[in-house]
Amino acid sequence: MRTLTLFLQYAAIAFAVFICYQIGMALYTQDFVVMDLVADVGTLLICIDLAIFLWHSRSTNAQNLQDYAHKLEQPVPTFVKVSRKLGHFGILLIITSWIVPMMN
C-alpha cells in the first residue's frame, strides 16, 4: 500500500508539472480558450492537494486501529488545511468551466 501511495504522489506531482507547462505554453503562445485555462488551473490545484494529502497521510503512519484513531483526533497542520481549500477551489473552477459554456 505504501508503494501505491508513493506512486500516486509522484504521479500527481508529475501531472501538476505537466499542467504548469501546458498553462505556460498556452499563455506564451496566446493560443488558449479561457474556460480551458480555468479547467487546467483547477486541475493543477487538485493535483497539488492530492500530493500534499498523500504526503501527509504517509507521514502519519499507524501500526494498529487504536493508533490510527488517536492520530485522527490530532489537529491537522495549517498547510494541509490550506491545500484542501485550494483543492475545493479547483473543483469549483472545473465545474465552472463546464457550466459556463452551456449557458451561452
_Enclosure of Phe89 CZ (heavy-atom neighbours >12, cutoff 6.0 Å)_ = no

*side-chain contact (heavy atoms from CB on, under 4.5 Å) between Leu50 and Leu8, worked out*: CA-CA 9 Å; Leu50 179 63; Leu8 286 175; 5.7 Å; no

_Hydrophobic cluster membership, with links at side-chain heavy-atom distances under 4.5 Å among I/L/V/M/F/W/Y: are Tyr10 and Ile46 in one?_
no

*Assess whether side-chain contact (heavy atoms from CB on, under 4.5 Å) is satisfied between Leu93 and Leu45, documenting all intermediate values.*
CA-CA 9 Å; Leu93 287 176; Leu45 293 176; 4.2 Å; yes

_Shared hydrophobic cluster, Ile99 / Val38 (ILVMFWY, side-chain heavy atoms < 4.5 Å)_ = no

*asked:* Grouping I, L, V, M, F, W and Y whenever their side-chain heavy atoms are under 4.5 Å apart, do Met103 and Val33 come out in a common cluster?
replied: no

_Within one Ile-Leu-Val-Met-Phe-Trp-Tyr cluster: Val34 and Met102, side-chain cutoff 4.5 Å_ = no

*Do Leu37 and Leu27 touch side chain to side chain, with heavy atoms closer than 4.5 Å?*
yes

*If every non-hydrogen atom of Ile94 is compared with every non-hydrogen atom of Gly42, which pair is closest and at what distance?*
CD1-C, 4.0 Å

*asked:* Applying a strict under-4.5 Å side-chain criterion to I, L, V, M, F, W and Y, I'd like to know whether Leu44 and Met35 cluster together.
replied: yes

*At their closest point, which heavy atom of Val76 faces which heavy atom of Lys81, and how far apart are they?*
O-CE, 3.6 Å

*To the nearest 0.5 Å, tell me how far His88 NE2 sits from Ser83 OG.*
9.5 Å

*What are the two closest non-hydrogen atoms of Ala39 and Ser97, and how far apart are they?*
CB-OG, 3.4 Å

*In terms of the angle between their ring planes, are His56 and Phe79 parallel, tilted or perpendicular, with boundaries placed at 30° and 60°?*
perpendicular

*Atom SG in Cys47, atom CG in Leu86: separation rounded to 0.5 Å?*
13.0 Å

*Residue from Ile13, Val17, Ile19 passing side-chain contact (heavy atoms from CB on, under 4.5 Å) with Phe15*: Ile19

